[in-house]
Enquirer: 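Below is a structure I'd like to ask you about.
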Amino acid sequence: MTMFKDLQREIHEKMASLGGAGDPRDTNHDGVVSSQEAAAYVRDYLQSASPEERESVMREYMGGLSKDDRRQMGDAIVRSPSNPVQKVDTDDDRDLIDAYTKTAQARIRTARARWKPLLMKVER
């Protein structure tokens, strides 16, 4: 799980390092794209992108990972406690992307389930 979080943080840091003045990811206009701003930008993009665009972005990212990084990501995905994925072929982009997507969706469902009772109390 820690390895998975480290890889997510690394993605966010790489996105943040691309920032600068006038960058749309720099939402507080301080001239620096924080990892949180980069993560929000990526999340917003992936939510609004077509399935084909999402897959293209993920393929490009996965293709840039070393064999060892891919193996570590696959291991982290399988070890994730909220994850339905039991096995990942880290040499297959489609399988790795599918496993990553299923893990992310499972984490979102788990978070929503945890927050739903609290949100229902607030709405009353």
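Small disclaimer: the values here were computed from a predicted structure and weren't measured.
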Enquirer: Would you mind checking if Asp95 and Lys87 are paired as a salt bridge, meaning a charged N to carboxylate O distance below 4.0 Å?
Expert: no
Enquirer: Given Met62, which partner from the list Asp69, Val57, Asp93 fulfils the side-chain contact (heavy atoms from CB on, under 4.5 Å) test?
Expert: Asp93
Enquirer: Please say which of Met58, Arg59, Arg70 ends up in a side-chain contact (heavy atoms from CB on, under 4.5 Å) with Leu96.
Expert: Arg70
Enquirer: For a 4.5 angstrom cut-off between non-hydrogen side-chain atoms, does Val88 reach Val78?
Expert: yes
Enquirer: Could you tell me if the side chain of Glu53 sits less than 4.5 Å from the side chain of Ser56, heavy atoms only?
Expert: no
Enquirer: Counting C-beta onward and ignoring hydrogens, is there a side-chain heavy-atom pair between Leu65 and Met73 closer than 4.5 Å?
Expert: yes
Enquirer: At their closest point, which heavy atom of Lys102 faces which heavy atom of Pro84, and how far apart are they?
Expert: O-CD, 4.2 Å
Enquirer: Tell me the closest heavy-atom pair linking Ile97 and Glu55, and the distance in Å.
Expert: CD1-O, 4.2 Å
Enquirer: Does Asp91 pair with Arg71 as a salt bridge, N-O distance under 4.0 Å?
Expert: no
Enquirer: Hey, is Arg94 close enough to Asp98 for a salt bridge, meaning N to O under 4.0 Å?
Expert: no
